Structure formats: structure tokens, C-alpha cells
Amino acid sequence: MRAAAAASSLSTSAHTARLCRRQGRRSCRAYDAPPHRRVALVVVDDDDDDDDDDDDATFAHPEIVAAAIRTLPDVQCDVVLASSSSSLSSYDARIVVTTRQRASGEQQPPLQFTVSVLATSRSKKHPCVALEPLTKSETLASSRAFNDGVRLCAERAFLEEADVYADDDYATYAGVLEPCRTTNDDDDDVIDLVHNIDDDGDDDDDDATTTTTTTTTTTTTTDRHRIRLTRLDPRATRLALERLLLSGAKCGLPIELVIEHVVRNSMHRSGVSGMKKMSPPVTGAQAAAQASDEDKMKVYVVFGGSSSQRRQSCRSGRHVYLTLKRIPTIDVVAVVLNNTNNNASSQLADATAWRLSYASALDPDQWDAPRAPDAGRFAPSKRVRADLEKYGWVKPSELSSCQDTMMHHHNEQRSTRFGALLAVASREGAIIFNAAHGGAGEDGALQQLCVSSGVAYTGSSPLASRVCMDKAATAKALVQRPVHGATCLPKRVVPASALVSKASDERGWGGRERVEGAKRLWLDIVSSFSGGGGAAPGAADTNNVTTLVVKPIAEGASRGVRRLMDERELLAYAEDIAKNQAPPFPYAYVFEPFFDASRAPWVECSFTLMGALGDLRVVGQSTIDARAKERARAVGHALGVEGCAVLDAFVNTDTGELIVIEMNTVPDMTSPDSTAFAHARNADPPIDAETLCTRALSLALVDGSDDDDDDDDHDSSTVVVLY
């Protein structure tokens, strides 16, 4: 049974997404500037960047910035590579972004806080406005002296560098505070920080119950610090733009408005005529024509959890949240699950779930330890917004609207039990967009809890999720429900205790006996593959296995995967697990023969599957053999997959045969370059990110089965795995 609200609200989802992308939430504004202003988004790419694979998982991704620029009704945005940007004179504005984490060979500058500055070229009196500084220190964040002093220093530094960086419309500085003993009160880069110290030598306030019998005195001390700022080059590090956008969010400015200010300031600085400040807010009739909160679909984007893929899950949740935020007919809330062991349905129901504000959903520092807002904390946001209203390209009414809808739409950032949140979602008729990778988010626990609570959720049924999460169960399911031309490599399941306990127990494999024990296990695993049973036709010769691949039985994102050449590498792998991996360990590990996909005609490929149970379609992949795509669909049907999923497999380009690696029922959505979004973008016709997410919502399950499909061949309940 599908969610009735989803079908009605998303019947025009593609049109809504396209309209949102073109006009955005500011579609009723009127500008005096002529249409079709051209903006060049110059992308500096670093093909030799050796940083980790999470580099592209950023909300400052070029595709996201381009989407924000295209929300302006009078602007045309062209994405141009820096290597081919020899002639940009025809553009009215140029914005530079980069995919680099930092410049090659460059050390990260000292970083205690960051502060961003927006140029305001329309004002000769006040040519720049510094935003709210960002710091992990609660003491600094609540200090008025720190905020005012850093903002003043940043604005002065921006003006002093105006001749050198004449074409920059914003700047981001990394800063540190250095203790100093100067007595000159006229130094603008020196601030006084006040500390309260109790008589017990503890910076914390004493408990109220102890003060009834003990008199506590508080000593106030003042420390002088000098502010040191280092400018971050936006062409060399993505941190510059990331911190600018996050600072804007802290002040109540969504990404789209920050980018809009930069674009219009660049046009004005370049002498483009007709640039005016934004018109007054929309009229009552125009506001009434827009969708009210009651008419919007409520969506909770759930991410986080306690799996090893938590960070990837949070990045996926952030990207999905920002994507759905651009759709005016959807009321979306970001929810992060705490990082505790909650892999069972009963434990997951009691897990702490935080409803995040817009700024906190963007801020990685808030994902692991969210904090409730402190109403008494000094915040410079109002002063920043007042300056931007007076000197920038935004109006106070627009900022107030953004502050209400983006920052405090849910009154305040607060926590609750996840089970209680699902009860609220059930009463609201909301949909859970599941972005929790691995663990309880992908092994059926979250899905089962949603089914028990009567809440619609994206993805597959609890049973299909459990089967696809378990690599051995996936292989057995395809043996029981074979697909012609598709199979898995033979697998051997070894309990974790056989690796971890013996590797860490000196009484077990001590010295030579330890190596001999690893050799016996190695020979036992290799011999189990002899005879070629279960091998893919023409894929691998399992009669002569000399190399193995080991991986956790229920992990994703290639975590814990290693190629083993002999028993010594097996022993090293076991010792590495015992020493470096924090418990709880995976309950088992899967061994399989190493398959070399670099030799023709085999290639490694991914398929994005989307659709209802028994009616899956392959998204994009126009260059892949049609027989391979049909077999990928058949594998999805055999495993009971629905919604949006990604199949990883080895493909024979000559015959279209598949060797299934794994099925991801909660696919990676960390950035526009993620597999699902990339395939959708390359489809014919192209599918944008908003449409892909709304299609996933329209396929949301209310329960674990589909009452409209009576075909037993497509019933997920028929997937039975025998252990």
C-alpha cells in the first residue's frame, strides 16, 4: 500500500522540481535588471588530489552552487572549467569554486575559528560586511568581545587587501587567538576575554545543593588576546566557500541567498547596468497563492546512527535535505540519530533523535554532538542582518522570512526518542526519507520500526533490506531464485570469533603455532572453493584459487575489504581487526575468490534501480548492454527491491552476464556526483536531483508489502534464505 498523500502531492513532482530550480522560493520578486545576465561558474578541479574519498561530499559542490545561481529568474549560469576559461569577458559575473580540499602540498593554516566577509560594492561608506564567526568553542561563541573584535579585524583585513584581491566578492579567513600583554587599548586586533573561576579552581559552576553549606566566591579574570587572520584562497581550498555558506546559515541566510548576494555584487562591481536593490516583499495576494504549511508534504530526512558509515550517512542526509528544501511543496526536517549502539529495532526506538535547524544540518560539528539553542547566548546575527540590509543586496523582510522558515521553523533544535518521533510522523501523515547507511538504517531494523509505527518510508521492505545487507544471504537468495546470466562468486562465511579471538589470544596462535593456525584456516577456505561450485559461467577458475578477498558480511562503502595473497596476510588482517576495530565487531566475515575485473571483457559497473515492487527500471546507463540492464532488473526483482537502490556488479561487455557484488537498498547520496544522481543526470531525458528525490518519496512504503501486487513472483515475502 502506498502513501495516498505522496501520490497526490507528488503527481506533478517533476514540474515542481523544474519550476523550483528555475525560480526557487523567490519566484515572485521583481528585478529591474534585464533578463539573461550571464554568470560563469569557474570550476578549479584537481585531478591529482590524493585526499580521501569524501572530498566531493560538500554542500559547496559546484552543482549545488550552480543550482543556487539558476534560481535567479534573470540569470543564466554556465559551468566553465578553469583550464578552458581563457575568455570570460562576455560574462557579467564570475564565481570561482574548487573541488580541492586544499592546495597540493599546502599545509592547513592554524584554525581556531573562521570568519567570512561579503563585499558590498553598492555602498561606498561600508564596502564589506563580516558574518558571524564560526568556532567550536562555546566560550568564544558566546563572547561579545570575541564576535565584535573578529568581525572588525576581518572587515579591516578585507579592505586592506582590496587592491590585491580586487575581483573577490567575498573572503574567508582562518584565525587564531594569541595571548599578549599589550597595554595599548587602541589596538583593534586585541580583545579582552573574561573568565569566571570558582574558588575550587574549577571553571564550571558549582552545584546548587553544595552551596547551601559552603560559601563560594567567584574570581573574574581578563585575558588579552591578539587576533591573527590568514586568508583562504577560494581557488585552492573548498573550505573558503564552505565556511562562507555556513556562516550565512548561522545568520539566517540560506545558501541561495548568499550566492545571490555574491552574484549581484559581482555584477554591480563589474559595471552591469540596471542593478537595483531587491523589491519589497510579496503582496498578500501573492503570498496567498503560495503553498501554505498545511498544504505541504511533511518529510523527515533521517541519517546518522551508529554504523561505521555514519559520516557518509550524515553527508547523504545533508544533501537530500538541501535538495528537498528547494521544493516549495515539501516541508522537510533534518533528523540525526545519536551515535550509540542501537542496531536492533527495540534499541533504535529508544535512540535519541535530534531535529536539526537549517544551520545545524549543514554543520558537521553538530552531527555528533547536537546542542540545544541557548536563548541567553549573545548572537551577532541580528547586527549582521542589519548591516546586510543597509549595505548589501538583501532586505530585512527577506531575511526575517528566511530566519523563520530556515532557522526556527520547528521553534527550536530539540531531541526526542526516535520511537516518539515516528509516532508524531504517523499522526502528521509524514514520510521518512531514510538516508541512514549501514547498521540499523539498512538491515531492516529502521524499516521494521516504521512498519510497526504505520509510517511511510523510502526504500525496500524490512525483509528485502535484511537480505541485501547480508552478502551471504544475497548470494543464497539468488541461488534459490536464480536469474539467467546473473550469479555471485562462491562465498565462505567465517565467524568473527574465528578471527578476532584467536588473533588476540596469545594462548591460541602464539608464535609458530599462531602462523600454523592461520595456514590451516587459509587452506580450509581455499579448498572450499575447489570444484567451481557456484562460480559465474566463464567468470573465474575456482579450481585454482590463489588469492582471496575478505570483507565484513554486512558492511558497505568498501569498508574492511582487503585482498589476501597467503596465510600471513590473513593473519595480519585478523590482528588488524582485533587491534584497530572498535567493538561491536561484525558477526562474520565473507571470503570469496579474487576476481580480476581489469581483464577484458569484464568491467565493474553500478546500476541505479528505481520503481515499485516488480516494476523496477534502470536509470541512465545508456552505454551499457541492454541484456545487462535487463538482468540487473531481474536481480532486483529476485531480491524484492523497491524504491531506489544501487546494484554493484561485474559485467561481461560481450555477453551481458553479471556477477553480483552487492545490492545497496540505501544508496549513497552524499553529493551530486554520487552514483544515483549521476545516473539520473545522464538519463534520457535527464532527471534532476529534485525529481529523483520526489520519485523516491512517491514510492514510499506504508507497510512491508504491496497490496496492489498479487503476483507471487514479485512478492518480497517469498524471499526465503536458508542458513
Side-chain angles (χ1 to χ4, degrees), residues 31 33 37 39-42 44 60 65 68-69 72 75 77 88 91-98 114-134 150-175 188 229-278 380-381 383-396 398-399:
Y31 294 95
R37 295 295 188 190
V39 176
L41 184 66
V42 183
V44 180
V65 177
I69 296 175
L72 302 177
V75 169
C77 178
L88 296 175
Y91 289 94
D92 299 304
R94 291 167 292 279
I95 308 296
V96 178
V97 296
T98 182
T114 59
V115 57
S116 298
V117 181
L118 285 172
T120 52
S121 59
R122 64 181 301 271
S123 172
K124 295 182 179 179
K125 179 181 179 181
H126 205 99
C128 65
V129 173
L131 303 181
E132 182 175 352
L134 300 179
V150 168
R151 290 189 62 218
L152 180 62
C153 287
E155 291 179 353
R156 187 175 68 249
F158 186 84
L159 295 178
E160 291 175 351
E161 300 169 344
D163 294 337
V164 180
Y165 301 98
D167 294 335
D168 285 2
D169 296 285
Y170 72 92
T172 298
Y173 298 91
D188 293 334
L229 300 179
T230 303
R231 187 169 182 139
L232 301 177
D233 186 357
R235 299 163 183 81
T237 171
R238 71 184 189 203
L239 183 63
L241 183 58
E242 281 185 350
R243 305 306 281 185
L244 169 69
L245 298 180
L246 185 55
S247 295
K250 291 284 187 181
C251 296
L253 290 168
I255 291 175
E256 290 79 6
L257 280 185
V258 176
I259 296 298
E260 177 181 347
H261 173 89
V262 173
V263 169
R264 296 196 175 280
N265 190 81
S266 177
M267 291 181 182
H268 183 273
R269 177 177 49 78
S270 301
V272 177
S273 60
M275 293 301 302
K276 301 289 185 179
K277 201 172 183 180
M278 290 189 297
S381 301
R383 186 176 302 181
V384 172
R385 293 196 300 273
D387 288 345
L388 288 176
E389 168 217 343
K390 190 173 183 180
Y391 307 113
W393 296 97
V394 288
K395 289 189 68 68
E398 186 70 24
L399 287 171

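All values below were derived from every heavy atom in this structure, side-chain atoms included, with hydrogens, water molecules and symmetry-related copies excluded. These numbers were taken from a predicted model, which means no experiment stands behind them.
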**OP:** Step by step, work out the side-chain contact (heavy atoms from CB on, under 4.5 Å) result for L72 and I259.
**Re:** CA-CA 10 Å; L72 302 177; I259 296 298; over 6 Å; no
**OP:** Would you please test L41 and V65 for side-chain contact (heavy atoms from CB on, under 4.5 Å) and show each step?
**Re:** CA-CA 8 Å; L41 184 66; V65 177; 3.8 Å; yes
**OP:** Assess whether side-chain contact (heavy atoms from CB on, under 4.5 Å) is satisfied between D92 and V39, documenting all intermediate values.
**Re:** CA-CA 6 Å; D92 299 304; V39 176; 5.8 Å; no
Original post:
Would V117 and Y173 satisfy side-chain contact (heavy atoms from CB on, under 4.5 Å), going step by step from the backbone distance to the final call?
Top reply: CA-CA 8 Å; V117 181; Y173 298 91; 4.1 Å; yes
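Taking both residues in full, the closest heavy atoms of F158 and A171 are given as CD1-CB, 3.6 Å, listed atom of the first, atom of the second, then distance. In terms of heavy atoms, R94 sits closest to S270 at NH2-OG, 4.4 Å. Across every non-hydrogen atom of G175 and L229, the tightest pair is CA-CD2, 4.0 Å. Between C251 and L131, the shortest heavy-atom distance links the atoms SG-CB, 4.4 Å. Closest approach of A93 to S266, counting heavy atoms only: CB-OG, 3.4 Å.
The main-chain N or O of H126 is found under 3.5 Å from a side-chain atom of T120 such that the two form a donor-acceptor pair. The backbone N or O of V44 sits less than 3.5 Å from a side-chain atom of T98, completing a donor-acceptor pair. Checking side-chain atoms of S247 against main-chain N and O of R243 turns up a donor-acceptor pair under 3.5 Å. Side chain of E155 to main chain of A130: a donor-acceptor pair is present (N/O by atom type, distance under 3.5 Å, no hydrogens or angles).
Interatomic distance, CG of L159 versus SG of C128, reported as 4.0 Å (0.5 Å rounding). With rounding to the nearest 0.5 angstrom, the CD1 atom of I255 is 10.0 Å from the CG atom of L244. With values rounded to the nearest 0.5 angstrom, N265 atom CG is found 15.0 Å from Y391 atom OH. Atom CG of D169 and atom CZ of R264 lie 13.0 Å apart (nearest 0.5 Å). A distance of 4.5 Å separates NE2 in H268 from CH2 in W393, rounded to the nearest 0.5 Å. Here the NZ atom belonging to K390 is positioned 8.5 Å from the OG atom belonging to S123, to the nearest 0.5 angstrom.
Between D387 and R151 there is a salt bridge, since a side-chain N of the basic residue sits under 4.0 Å from a carboxylate O of the acidic one.
Put simply, the side chain of V96 does not reach to within 4.5 Å of the side chain of P234, judged on heavy atoms. The side-chain heavy atoms of L246 and L134, taken from C-beta on, include a pair separated by under 4.5 Å. Taking 4.5 Å as the limit, every side-chain heavy atom of L241 sits out of range of all side-chain heavy atoms of T172. With a 4.5 Å cut-off on side-chain heavy atoms, L253 and L388 count as touching.
Figure legend: R231 and Y165 shown as a cation-pi pair, the cationic atom lying under 6.0 angstrom from the six-membered ring centre and within 45 degrees of its axis.
Partner of V263 under the side-chain contact (heavy atoms from CB on, under 4.5 Å) criterion, out of H261, E260, M267: M267 alone.
No side-chain donor-acceptor contact under 3.5 Å links R269 and S121.
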